[in-house]
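Have a look at the structure below, then the notes.
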Amino acid sequence: NAGVTQTPKFQVLKTGQSMTLQCAQDMNHEYMSWYRQDPGMGLRLIHYSVGAGITDQGEVPNGYNVSRSTTEDFPLRLLSAAPSQTSVYFCASRTRDRGAEAFFGQGTRLTVV
Amino acid sequence: AQTVTQSQPEMSVQEAETVTLSCTYDTSESDYYLFWYKQPPSRQMILVIRQEAYKQQNATENRFSVNFQKAAKSFSLKISDSQLGDAAMYFCAYRSASSGGTSYGKLTFGQGTILTVHP
């Protein structure tokens, strides 16, 4: 059981480049989320999905796009990378149950130069 | 909007001793969950313990227990018999369980506390 898989684990981008961070889960979880982790700020929610075809913005959505065409996959797109998007990105998934545990991927360390 | 505050950026403890990590939160809701997550140097986020706001009894998981004070909006984590493997960043997190609200189902994290365990 692979759980939540994020690719790549590390990435360096130049300012203005675009890229997609991949997230896949094999647990048939309805809910999936993207967070970014920055020093002293904890994890902040970027985008959120409660099922295929349904997405919602989180706390820091600007500069990022998401779509959810399948239950398993929830890719995060950086449209035009900026140095302020240098961060560690986490994907998480869980069932819709009230107290369900969120399972996290291993994270992607992104550096924008 | 809900906020979660961890006022201790760093804490340290001797092996086998007890340490308490603090967390306060702000919400106008009555139906929610609170979590403590551990992040070791591997970066993996690991659930340590969870507490439902409607349950008055404090949650316990082996050496980990919480002191949940709903009126004071406080949710501290106590680690007993600390081990070297407990060294990590610890995050407190809040999640609304009130369906229909704009924050339903979304985790809000505190800033994190780095725990060092000395042998």
Side-chain angles (χ1 to χ4, degrees), chain A residues 2-11 23 25 27 29-51 54-61 66 74 87-110, chain B residues 1-10 21 23-25 29-55 59 61 88-114:
Chain A
V4 180
T5 303
Q6 289 184 236
T7 55
K9 289 188 170 48
F10 301 93
Q11 183 71 49
C23 176
Q25 52 92 8
M27 298 173 282
H29 286 172
E30 297 94 339
Y31 288 14
M32 296 186 75
S33 305
W34 277 102
Y35 296 86
R36 60 177 288 172
Q37 180 179 4
D38 302 292
M41 304 188 76
L43 280 74
R44 293 178 293 168
L45 182 65
I46 304 171
H47 282 290
Y48 182 75
S49 172
V50 297
I54 306 170
T55 63
D56 189 13
Q57 293 185 350
E59 182 184 356
V60 287
V66 293
F74 191 43
S87 187
V88 179
Y89 291 84
F90 286 95
C91 179
S93 75
R94 68 176 180 94
T95 69
R96 66 174 63 202
D97 296 337
R98 281 171 48 88
E101 173 184 356
F103 292 86
F104 287 79
Q106 289 273 32
T108 296
R109 180 175 292 279
L110 176 68
Chain B
Q2 292 76 23
T3 59
V4 178
T5 301
Q6 294 178 248
S7 58
Q8 306 156 318
E10 298 182 20
L21 308 184
C23 173
T24 58
Y25 59 96
E29 299 175 329
S30 59
D31 189 9
Y32 53 87
Y33 284 83
L34 296 164
F35 303 85
W36 278 99
Y37 278 90
K38 171 185 177 181
Q39 186 182 47
S42 68
R43 219 163 59 194
Q44 182 66 49
M45 294 287 286
I46 303 165
L47 178 65
V48 175
I49 201 165
R50 87 188 84 183
Q51 175 79 43
E52 183 175 8
Y54 277 121
K55 291 187 176 179
E61 290 286 344
M89 173 86 83
Y90 286 82
F91 290 100
C92 178
Y94 170 102
R95 191 170 80 206
S96 170
S98 302
S99 60
T102 58
S103 62
Y104 175 69
K106 301 173 184 176
L107 276 170
T108 300
F109 286 87
Q111 302 88 334
T113 297
I114 298 173

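Throughout, protein chains are lettered first and strands after them, A, B, ... in sequence-line order, and every chain is numbered starting at 1. On a predicted model such as this, the values are computed, not experimentally measured, just so you know.
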Next item on the list: Return yes if some donor-acceptor pair links the side-chain N/O of B:R95 with the main-chain N/O of A:R98 below 3.5 Å, else return no.
Entry: yes
What distance do [X] atom [atom1] and [Y] atom [atom2] have between them, rounded to the nearest 0.5 Å?
| X | Y | atom1 | atom2 | answer |
| --- | --- | --- | --- | --- |
| A:Q106 | B:R43 | CD | CZ | 7.5 Å |
| A:F104 | B:L47 | CZ | CG | 9.0 Å |
| B:F35 | A:E101 | CZ | CD | 8.5 Å |

Between [X] and chain B, with a heavy-atom cut-off of 4.5 Å, which part of the residue counts as in contact: side chain, backbone, both or neither?
| X | value |
| --- | --- |
| A:F103 | neither |
| A:Q6 | neither |
| A:A92 | neither |
| A:E59 | neither |
| A:R109 | both |
| A:V88 | side chain |

Next item on the list: Would you sort out whether A:Y35 and B:K106 count as a side-chain contact (heavy atoms from CB on, under 4.5 Å), showing the intermediate values?
Entry: CA-CA 11 Å; A:Y35 296 86; B:K106 301 173 184 176; 5.5 Å; no
Chain A contact via [X] - which portion, at a heavy-atom distance below 4.5 Å:
| X | answer |
| --- | --- |
| B:E52 | side chain |
| B:Q6 | neither |
| B:Y37 | side chain |

Notebook entry, point to check: Can you check side-chain contact (heavy atoms from CB on, under 4.5 Å) on B:M45 and A:L43, steps first, answer last?
Noted result: CA-CA 11 Å; B:M45 294 287 286; A:L43 280 74; 4.1 Å; yes
Note to self: Which one wins on heavy-atom pair count under 4.5 Å against chain B: A:P39, A:A102, A:G58?
What the structure shows: A:A102
Notebook entry, point to check: Hey, which of B:C92, B:G112, B:G110 has the most heavy atom pairs under 4.5 Å with chain A?
Noted result: B:G110
